[in-house]
*Asks:* 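Could you have a look at this structure, given as structure tokens, before my questions?
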Amino acid sequence: MFEILNDKLEKAIKKITGQGRISEQNISDTLREIRRILLDADVNYKVAKDFIDNVKTKAIGREVLNSVTPGQLITKIINDELISLMGSKVHELSVNASGITKIMLVGLQGCGKTTFAAKLANYLNKNNRKVLLVAADIYRPAAIEQLRLLGKQVNIDVFSINGSNNPVSISERALEFAEENNFNMIVIDTAGRLHIDEDLMTEIRNIKKSVNPNEILFVVDSMIGQDAVNSAKAFNDAIEFDGVVLTKLDGDAKGGCALSIKAVVDKPIKFISTGEKLDMIEIFHPDRLASRILGKGDVVTFVEKAQEQFDDREAEHLEKRLLSNQFDFNDFLKQIKMIKKMGSLKSLLGMIPGVGSAVKNMNVEDNQLVKVESIVQSMTKKERNNPKILNGSRRLRIARGSGNTIQDVNRLLKQFTEMQKMMKSFNTKGMNKFKNIKSIKYS
Amino acid sequence: MFKNTFEKLKSGLSKTRNRIFNKIVETISGKAQIDEHTLEEIEELLLSSDIGYDATIQIIERVRKELTSEKERSGEVITKVLKQELLKILENNDIKLLDKSEINRYKPFVILIVGVNGSGKTTTIGKLAYIFKNQGLNVIIGSADTFRAAANDQLEVWVKRANVDMVHKTHGSDPSAVVYETCELALKKQADVVLIDTAGRLHTKTNLMDELRKIKSVTKKVIEHAPNEILLVLDGNTGQNGIVQTREFQKYSDLTGLIITKLDGTAKGGIIFQIANELQIPVKFIGVGEGIDDLQPFIAQDYVEALILK
Ligand SMILES: Nc1nc2c(ncn2[C@@H]2O[C@H](COP(=O)(O)OP(=O)(O)OP(=O)(O)O)[C@@H](O)[C@H]2O)c(=O)[nH]1
Ligand SMILES: [Mg+2]
């Protein structure tokens, strides 16, 4: 279950506290907030509406037992509803035990098919399986060349026919080639197309007919909005796909389209694509997406980002300082530098469990980081080690030295004190949570 | 120059028009009174075009206010009010397009094309090159996507189609170096327009966003007034992340405008209302297909008209 919920949702849920029974009135704020969150996450408006109706039906009239708070109860209902929509199972590809497993990728233009084709082939090309990539996108300039180069990077053979303008026969001949040369799997990369382009939809239908794939995967850009349901439905009507791939999840799009697509075509999401490097492919975990949408943020992503930028030893050192409340301006400066490397402050803050709201009130903007950095840099070593000695005249000197006003310096000092306080409470509750999450990910 | 722009725009958006706004008109005009239920339906219809929650609520409030004071609640009136409210959001959209006199003033006129992966940057560069070429201008394209496999080859195809010049380097070289050489060559050859294609990058990757900043400063190093335009190419399918994307790209590269692509599908591109509302960055072109002439200047009036007209 999500231990950390979106701020507004949490607030709305908290309002229900102290009531013995969940009623239409005391749940209405919560439902509205869920609706807004779902819509902001690009969940289709109809799907969001159904979702809320279901939560409402299940929640109203429920007695709140002594052992749980109303907030916990409603959180559980939301969670259960998400599970019943998304499923809790992880879906693998269906692999042909004897003969060649045929996988075909379809989707709109620019959704990430070609990159994903190479990733998937690379992922599957293990355990004595031999995978062949098939370049069936004859339309986009240099699409075939792109696949060829990607295949080379991961050491996978790529089948293509120079000058051919027939994706159906390319696919057929690729299959023959695979049979003759003892390949176990083929992955067909088709051209991106609009679901309303009848000629091109007929084309993929014909490819399906002639190679009879074991798996057709519909590839979707996680940034897609409300129209996801229309394209998913049209593709499914035309060729009935078996699963969905969500791409570009290394960005900060919430990926609510996953919920919409599941609701509309009832096909599982099988893989996610999380970066430009060719090993950045993962099996889809419904629970992670659920907390990305409803939760305060994507804790796992935060941990991953932190992992990318934080030097392990440095982090350990910082953690020690934090735990012993020795955190000073030297550490602060180091943190600023790391944070700057990690991305925009706002997007990061939202990801930190238990910290987001506290820091948010401090109003630290990205361009302010530069200012803060300059102030800290104007402090002497002694001052950084022991901020308490920063009296009026020292502050004035720092303001002048860094080209800021005395108010700026005072504000920073105040914020720093607040931050120390916050760190203290973070130590007692937040840090443990953070550690658990870490071990889930890396166990 | 843009022949039949309006017609093309209309047909490109016909699906949007039919599915959404006609439905709104029908929904409202079919009833004598605008009741809560009807407004709820409009809300859903607006939401489904990616206009976003807040902007939708805003539009509905305005329509509601206008219409309670109107005696006549005919389809025409409702059409007018909706159009008016949608246009109001786009009213600051600076429709000053990349015209010839502007370009002649700053020879070479440098345009940087940026955006997330797969949004349609390279295709748009091809289309833009074609437009300028047809105006009799000399165009040089810099292939600063040195990251994606076969990016040069893809651009090369468009370069041939538009019959313009291109500067490129091997895969993996420094994009700034490509930009530097492109600008130098443009000065030497007295080119009119420089188009720089950049690698797709997610706005959350700081190092890549910093790279963009660097590319920008390199153009300035060679050509003092450069870049003249920094255009963000945004996929018309994009949902609410579109506003985040635009905000981040704006922060790193001071965008001068947007190009919305893939509006030939059923996606509505409604996120532009939110972008206009919050960020005041004008939309300059829209992509309505994969052909070389499928780029249209964005004219708010035409856009909204095409959306609502029966
Ligand atoms: N239907 C349609 N497709 C488009 C439009 N613009 C671009 N595309 C297609 O979208 C896909 C991606 O376009 P590209 O131009 O390669 O996108 P990009 O932003 O350069 O991609 P990267 O360089 O990989 O980040 C291609 O298949 C294009 O044909 C448009 O307006 N309509
Ligand atoms: Mg490109």
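Below, read A as the first sequence line, B as the second, and so on, with proteins coming before strands; counting in each chain starts at 1. Just so we're clear, the structure is a prediction, and the values are computed from it rather than from any experiment.
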*Asks:* At a heavy-atom separation under 4.5 Å, does B:N152 approach chain A through its side chain, its backbone, both, or neither?
*Replies:* neither

*Asks:* If you apply the rule salt bridge (Lys or Arg N to Asp or Glu O under 4.0 Å), what do you find for B:D210 with B:R213, and how did you get there?
*Replies:* CA-CA 5 Å; B:D210 282 335; B:R213 218 176 243 162; 3.6 Å; yes

*Asks:* Not counting sequence neighbours, which residues clear side chain to side chain donor-acceptor pair (under 3.5 Å) with A:S273? List them please.
*Replies:* A:K119

*Asks:* Taking side chain to side chain donor-acceptor pair (under 3.5 Å) as the test, write out the residues that go with B:D145, two or more places apart.
*Replies:* none

*Asks:* Do the side-chain N and O atoms of B:N117 and A:E276 include a donor-acceptor pair separated by under 3.5 angstrom?
*Replies:* yes

*Asks:* Among A:L149, A:L150, A:L147, who wins on heavy-atom pairs under 4.5 Å with chain B?
*Replies:* A:L149

*Asks:* Which one of A:E145, A:R140, A:K248 has the most heavy-atom pairs closer than 4.5 Å to chain B?
*Replies:* A:R140

*Asks:* Is B:L208 close to chain A through its backbone or its side chain, or both, or neither, when contacts mean heavy atoms under 4.5 Å?
*Replies:* side chain

*Asks:* Measure A:L108 against the heavy atoms of chain B and call it side chain, backbone, both or neither at under 4.5 Å.
*Replies:* side chain

*Asks:* Does the side chain of B:T266 pick up a donor-acceptor pair with the side chain of A:D227 at under 3.5 Å?
*Replies:* yes

*Asks:* Is it true that, when you exclude A:K233 itself, more than 12 heavy atoms of the residues, nucleotides or ligands shown sit nearer than 6.0 Å to its NZ?
*Replies:* no

*Asks:* Tell me, for B:E156 versus chain A, whether the close heavy atoms (under 4.5 Å) come from the side chain, the backbone, both or neither.
*Replies:* neither

*Asks:* Looking at B:E290, B:R148, B:H203, which one has more heavy-atom pairs under 4.5 Å with chain A than the rest?
*Replies:* B:R148

*Asks:* A:K49 versus chain B, heavy atoms under 4.5 Å apart: side chain, backbone, both or neither?
*Replies:* side chain

